[in-house]
Amino acid sequence: MRRLAIPLALMLATGMLGSPAQAATQTGTQAVAQTTAAPKRTSQCQGDWIPGTPTVDDVMKGEISLVGLPPFKLGKKIDWDASPYRNRSWEFVFHSLRWMGTLVVAYENTGEERYLDRAEEITKDWVTGNRRGAPGTPSYVWKDHPVSLRSQALVCLSMHVKDGWLKDSLAEHARLLADPRLYKKGHNHGIDQDIALMSIGCRYGRKDWTGLAVKRLTGTVKLDVDSQGALMEQAPRYAVYVHGRLQVAMTNLKDCGRKVPGEISRRAEALKDFVAHSTQPNGYMVPIGDGSAETEPRMDTGTPGQKVKVYRAGYVYGRTAWGKPDSAYYSIRFGPGTKFHGHEDHLGVTYYAHGRDILVDAGFHSYEKSAYRYWTMSPEAHNVPTVVGQRFRPRTASRLTKTAYGDNRQAFRLTDKAYGVSRTRSVLVNHGEDLMAVHDTASGGEKVRNVWRFAPSYKVVSNGGGRVVLSDGKFRVTLLQLSPDCKPVGGQKVERGGKLGWVSPTYLSKQPAEVVVSPAAESLLTVIVPDTDDPKVSCSGGKVRVQGMTFPATLL
């Protein structure tokens with residue numbers, strides 16, 4: 001049903017084969033080749049939804065590489081129960097069939113029927129072997145995100161394959177996407193559900209489906225991206241994904257004859273500033289929440305007018321300059337309790353200076369349900385204060401209560417009751433002469449302890465008298481800890497590996513890193529001084545002087 005054959009008589013009548021005499025000499029492969037119309041390139045197939053791996057050649061030879069894991073040999077007859085790495089992300093992407101979609105795109109670009117034949121064969125086999133609710137069909141195959149992503153590949157295929165089995169499968173997908181009980185409102189999955197439902201509805205002229213998708217999309221975007229442009233999923237790297245998906249949604253709306261709601265276009269535009277502020281001077285996004293240190297936005301964000309930005313969603317970002325890889329940069333977390341892709345990182349900081357990471361979070365390992373994954377989400381995996389002897393209360397909100405900043409120095413105070421009593425952290429960052437100072441206390445005379453995780457390249461070269469010096473071989477950084485009366489607080493412990501000393505800068509990676517754990521104290525002033533192993537420190541009248549920079553011992 002999908003091939004458009006052109007009758008020989010029509011070809012003669014229109015001169016496609018020249019004169020009848022000439023046509024008589026073209027009865028071999030040339031005439032056969034011209035009996036099939038060139039494929040039309042469609043908006044449903046062309047675009048940036050196709051993943052970078054596997055390639056068309058990989059799929060054709062039955063070998064696919066997904067989510068950065070080694071290639072897996074599918075063979076000609078595909079085992080849809082395959083899970084070679086026992087990895088949830090691999091399974092979801094496998095059943096999304098986007099890798100099949102590469103074949104349809106290749107068919108549109110080259111006209112080679114073998115690509116479309118294989119795409120149809122793969123998809124029909126999948127539809128036959130993975131019927132919803134049938135015995136043996138894994139439940140995750142019909143979860144919201146695989147359904148959403150798979151729909152785009154199926155709609156693309158439907159532009160060239162008109163068979164009833166494919167139309168019926170897309171109708172089943174649409175019914176699931178439209179089910180309010182399964183809709184992920186206020187989440188990037190919800191955006192993908194709306195894009196998918198809109199695509200199917202527009203493809204088959206179902207105004208009820210397209211109307212529902214447009215109505216839901218506006219509400220979800222308003223929940224997922226606030227009026228400042230901050231992504232509410234608590235992992236900044238997802239802002240890049242959401243921005244890209246909103247571009248797809250807006251394009252699809254226009255292609256379907258629908259007007260783009262102003263709220264969607266405004267918030268999509270505001271997201272660009274959030275991505276820019278969330279990106280370190282090295283060009284990679286700060287790995288907060290479920291975000292790896294290798295996320296490079298690869299989108300035009302422009303240059304925001306501010307160097308310091310406070311987002312009500314729970315982010316403070318600051319830098320010394322835009323466009324300079326060696327400038328300083330920091331992040332501070334506060335805001336609503338943990339949800340979606342967030343970690344228990346409230347009051348936590350990261351710090352980048354002199355063109356290198358200094359203080360980092362443990363990062364994002366994977367979505368596997370492992371003890372290590374859950375540890376990377378815990379307070380101990382972040383640069384935060386804990387209250388000694390008190391139980392941690394997950395998903396507690398925190399507040400930014402005071403700010404004071406100019407071009408060369410910024411200070412902030414944050415507080416919450418994540419341990420039942422108030423814990424308060426003040427953070428001061430000085431630029432020019434780079435320095436970060438942090439003051440931690442808890443109410444009721446409770447003692448606090450804090451954790452400082454350094455980038456994996458650093459190793460401790462000395463530790464004593466409240467002063468820890470680390471080096472990456474070329475560059476040194478010093479951590480100082482002082483009491484309220486400015487006396488050194490000694491007794492720091494250092495772990496590399498063990499329970500605390502780990503980071504996961506990239507997906508599925510796990511590297512040892514130096515972690516400095518403070519002693520317990522009623523008040524702790526921690527000072528991080530880059531580019532020195534012997535900072536000059538003095539105190540007088542409640543003021544601290546470090547390397548010529550003076551600030552209050554309580555910072556604010």
Just by distance, with hydrogens left out, do [X] and [Y] show a side-chain donor and acceptor under 3.5 Å apart?
{"X": "His341", "Y": "Tyr367", "result": "yes"}
{"X": "Asp58", "Y": "Thr55", "result": "yes"}
{"X": "Tyr372", "Y": "Ser366", "result": "no"}
{"X": "Thr350", "Y": "Ser331", "result": "yes"}
{"X": "Tyr183", "Y": "Thr220", "result": "yes"}
{"X": "Asp226", "Y": "Tyr311", "result": "no"}
{"X": "Asp125", "Y": "Trp80", "result": "yes"}
{"X": "Asp255", "Y": "Gln44", "result": "no"}
{"X": "His189", "Y": "Gln193", "result": "no"}
{"X": "Ser199", "Y": "Gln152", "result": "no"}
{"X": "Tyr238", "Y": "Asp224", "result": "no"}
{"X": "Ser378", "Y": "Glu344", "result": "no"}
{"X": "Arg245", "Y": "Asn188", "result": "no"}

Hey, are the side chains of [X] and [Y] touching, using non-hydrogen atoms and a 4.5 Å cut-off?
{"X": "Tyr507", "Y": "Ser89", "answer": "yes"}
{"X": "Leu508", "Y": "Leu69", "answer": "yes"}
{"X": "Glu91", "Y": "Tyr85", "answer": "no"}
{"X": "Leu177", "Y": "Ser148", "answer": "yes"}
{"X": "Arg41", "Y": "Asn109", "answer": "yes"}
{"X": "Asp357", "Y": "Val360", "answer": "yes"}
{"X": "Leu116", "Y": "Leu157", "answer": "yes"}
{"X": "Trp99", "Y": "Leu74", "answer": "yes"}

Other residues, nucleotides and ligands only: do more than 12 of their heavy atoms fall within 6.0 Å of [atom1] on [X]?
{"X": "Lys309", "atom1": "NZ", "result": "yes"}
{"X": "Asp300", "atom1": "CG", "result": "no"}
{"X": "Lys222", "atom1": "NZ", "result": "no"}
{"X": "Arg399", "atom1": "CZ", "result": "no"}
{"X": "Tyr115", "atom1": "OH", "result": "yes"}

What about the rings of [X] and [Y], do their centers lie closer together than 6.0 Å?
{"X": "His365", "Y": "Trp375", "result": "no"}
{"X": "His145", "Y": "Phe92", "result": "no"}
{"X": "Tyr140", "Y": "His95", "result": "yes"}
{"X": "His173", "Y": "Trp209", "result": "no"}
{"X": "Tyr405", "Y": "Phe412", "result": "yes"}

Donor-acceptor pair, [X] side chain versus [Y] backbone, under 3.5 Å?
{"X": "Ser169", "Y": "Trp165", "value": "no"}
{"X": "Ser151", "Y": "Ala196", "value": "no"}
{"X": "Arg319", "Y": "Val308", "value": "no"}
{"X": "Glu233", "Y": "Gly342", "value": "no"}
{"X": "Trp322", "Y": "Gln306", "value": "yes"}
{"X": "Trp142", "Y": "Asn130", "value": "yes"}
{"X": "Ser96", "Y": "Leu149", "value": "no"}
{"X": "Ser398", "Y": "Gly335", "value": "yes"}
{"X": "Arg203", "Y": "Ser158", "value": "yes"}
{"X": "Asp163", "Y": "Leu166", "value": "no"}

Shortest non-hydrogen contact from [X] to [Y]?
{"X": "Thr102", "Y": "Pro54", "answer": "CG2-O, 4.0 Å"}
{"X": "Val56", "Y": "Ala106", "answer": "CG2-CB, 3.8 Å"}
{"X": "Trp49", "Y": "Ala153", "answer": "CH2-CA, 3.7 Å"}
{"X": "Gly211", "Y": "Arg258", "answer": "N-NH2, 3.5 Å"}
{"X": "Pro287", "Y": "Gly291", "answer": "CB-O, 3.0 Å"}
{"X": "Ala249", "Y": "Leu217", "answer": "CB-CD2, 3.9 Å"}

Is [X] salt-bridged to [Y], cutoff N-O under 4.0 Å?
{"X": "Lys124", "Y": "Glu120", "result": "no"}
{"X": "Asp208", "Y": "Arg206", "result": "yes"}
{"X": "Lys73", "Y": "Glu63", "result": "yes"}
{"X": "Arg132", "Y": "Glu172", "result": "yes"}
{"X": "Glu269", "Y": "Arg266", "result": "no"}

Under the side chain to side chain donor-acceptor pair (under 3.5 Å) test against Ser227, which residue among Arg267, Arg312, Glu263 passes? Arg312
Test His346 against Asp416 for side-chain hydrogen bond (donor to acceptor under 3.5 Å, both in side chains), laying out the working first. CA-CA 9 Å; His346 284 190; Asp416 66 19; 4.8 Å; no
Please name all residues satisfying ring pair (Phe, Tyr, Trp, His ring centres under 6.0 Å) with Tyr315, sequence neighbours left out, ordered by chain then number. Phe274, Tyr317
Just verifying a value: how many Å separate Ile78 CD1 and Ile122 CD1, rounded to the nearest 0.5 Å?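 It comes to 4.5 Å.
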Steps toward side chain to side chain contact (heavy atoms under 4.5 Å, CB included) verdict (Arg237, Phe364): CA-CA 11 Å; Arg237 75 158 171 128; Phe364 167 65; 3.4 Å; yes
I'd like to check the side-chain hydrogen bond (donor to acceptor under 3.5 Å, both in side chains) partners of Arg395; sequence neighbours left out, ordered by chain and number. none
The test is salt bridge (Lys or Arg N to Asp or Glu O under 4.0 Å); show your working for Lys76 and Glu121 and say whether it passes. CA-CA 10 Å; Lys76 178 70 173 176; Glu121 182 181 33; 3.1 Å; yes
